[in-house]
Amino acid sequence: MEEMYQTYKDVAEFRLIYIREAHAADGRRPVKYAIEKGINEHTSHADRCKTAEILLKEKTLNIPMLIDELDNKVGEAYSAWPDRVFLVRKDGTLAVAADRGPWGFKPGLDAAEEFLAKFKKTGKEPDTPAAERADSDSKSKTPDESP
């Protein structure tokens with residue numbers, strides 16, 4: 001993601017939206033990183049902001065980040081948990097609306113990069129909706145193929 005941001009930030013606005021933590025140390029499916037960093041389920045907006053700051057710093061991400069409120073309205077509205085990729089055209093329509101992660105994440109990034117590469121080269125938004133391609137690619141994956 002960071003590489004894509006650095007490559008295309010001159011032609012597109014990027015935002016990460018940090019929603020509820022998918023793999024908190026005290027959650028259903030904790031990961032080693034969360035356990036080591038003490039990243040627990042968020043009990044306040046300040047907790048969520050603190051975790052977002054850790055992730056930006058530790059993962060060396062420079063992409064601007066927005067943080068969903070504790071009510072998780074953004075995450076729910078976009079069915080974004082545990083992660084999801086969207087690319088919005090200038091007119092507000094979706095160019096990429098990938099399936100939710102983990103299966104849809106990589107195909108979504110690939111579709112977004114394809115769209116952005118064409119846009120950067122031509123200065124025009126591609127006509128072909130990359131969303132359909134990202135969605136169908138991810139449906140053919142099995143859990144063993146997840147990123």
Side-chain angles (χ1 to χ4, degrees), residues 1-24 27-34 36-37 39 41-42 45-147:
M1 265 190 312
E2 180 66 23
E3 185 177 331
M4 186 185 305
Y5 170 68
Q6 293 300 332
T7 302
Y8 300 107
K9 67 181 180 182
D10 59 326
V11 297
E13 290 187 36
F14 285 74
R15 297 294 182 272
L16 290 174
I17 302 176
Y18 186 56
I19 59 174
R20 76 174 205 198
E21 181 57 45
H23 299 289
R28 287 184 350 172
R29 296 185 177 186
V31 294
K32 183 179 177 184
Y33 182 82
E36 290 172 353
K37 297 294 177 185
I39 298 171
E41 295 281 348
H42 305 123
H45 190 69
D47 284 348
R48 191 169 281 181
C49 291
K50 180 181 170 189
T51 302
E53 191 174 315
I54 290 169
L55 295 172
L56 285 172
K57 183 179 177 186
E58 296 281 329
K59 301 296 182 182
T60 320
L61 295 173
N62 296 297
I63 304 167
M65 184 181 285
L66 304 171
I67 301 170
D68 198 1
E69 295 290 339
L70 224 50
D71 62 11
N72 300 309
K73 283 186 179 179
V74 174
E76 289 174 13
Y78 285 90
S79 188
W81 192 87
D83 53 36
R84 199 162 184 193
V85 175
F86 290 96
L87 191 144
V88 182
R89 294 175 181 272
K90 288 180 182 180
D91 68 3
T93 61
L94 294 174
V96 174
D99 277 349
R100 292 184 315 168
W103 300 277
F105 194 73
K106 174 80 166 83
L109 284 180
D110 292 345
E113 183 151 28
E114 181 182 333
F115 181 96
L116 291 169
K118 288 177 183 177
F119 179 70
K120 188 170 185 171
K121 183 177 181 179
T122 66
K124 295 181 180 180
E125 292 182 350
D127 291 331
T128 307
E132 292 173 17
R133 196 165 38 262
D135 185 50
S136 65
D137 286 350
S138 66
K139 286 181 180 166
S140 66
K141 303 288 185 210
T142 65
D144 294 331
E145 297 174 299
S146 63

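We use all heavy atoms of the structure for the numbers below, so side chains are in, but hydrogens, waters and symmetry mates are not.
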Task: N/O donor-acceptor pair under 3.5 Å between T122 side chain and K118 backbone - done: yes

Open item on the list: Between R100 (side chain only) and V85 (backbone N and O only), is there a donor and an acceptor less than 3.5 Å apart?
Closed with: no

Open item on the list: For E41, I'd like to know if atom CD has over 12 heavy atoms of other residues, nucleotides or ligands within 6.0 Å.
Closed with: yes

Task: Any donor-acceptor pair under 3.5 Å from E125 side chain to K90 backbone - done: yes

Task: Straight-line distance of R84 CZ to I19 CD1, nearest 0.5 Å - done: 10.5 Å

Task: Cationic N near anionic O, under 4.0 Å, K37 to E58 - done: yes

Open item on the list: Taking the cut-offs as 6.0 angstrom to the six-membered ring centre and 45 degrees off its axis, would you call K120 and F115 a cation-pi pair?
Closed with: no

TODO: Tell me, yes or no, whether the heavy-atom count around R15 atom CZ, taken from other residues, nucleotides or ligands under 6.0 Å, exceeds 12.
DONE: yes

Task: Point-to-point distance, once rounded to the nearest 0.5 Å, from OG1 of T7 to CD of E113 - done: 6.5 Å

TODO: Starting at OG1 of T51, measure out to CD1 of I67 and round the result to the nearest 0.5 Å.
DONE: 9.0 Å

Task: Check: H23 side chain, P30 main-chain N or O, donor-acceptor pair, under 3.5 Å - done: no

Open item on the list: Please check: side-chain N/O of D68 versus main-chain N/O of G75, any donor-acceptor pairing under 3.5 Å?
Closed with: yes

Open item on the list: Any salt bridge linking K57 with E53? Criterion: basic side-chain nitrogen under 4.0 Å from a carboxylate oxygen.
Closed with: no

Open item on the list: So if I apply the side-chain contact (heavy atoms from CB on, under 4.5 Å) rule between F105 and each of D99, D83, D110, which one comes out positive?
Closed with: D83

TODO: Could you tell me whether K73 and E69 make a salt bridge, using a distance below 4.0 angstrom between a side-chain N and a carboxylate O?
DONE: no

Task: Heavy-atom pair of closest approach, residues Y33 and L55 - done: CE2-CD2, 3.5 Å

Open item on the list: Tell me whether the count of non-hydrogen atoms from other residues, nucleotides or ligands lying under 6.0 Å of OH in Y78 goes above 12.
Closed with: no

Open item on the list: Among R20, H42, R48, exactly one meets side-chain hydrogen bond (donor to acceptor under 3.5 Å, both in side chains) together with N72. Which residue is that?
Closed with: R48

Task: E21 side, atom CD; D47 side, atom CG - distance, nearest 0.5 Å - done: 11.5 Å

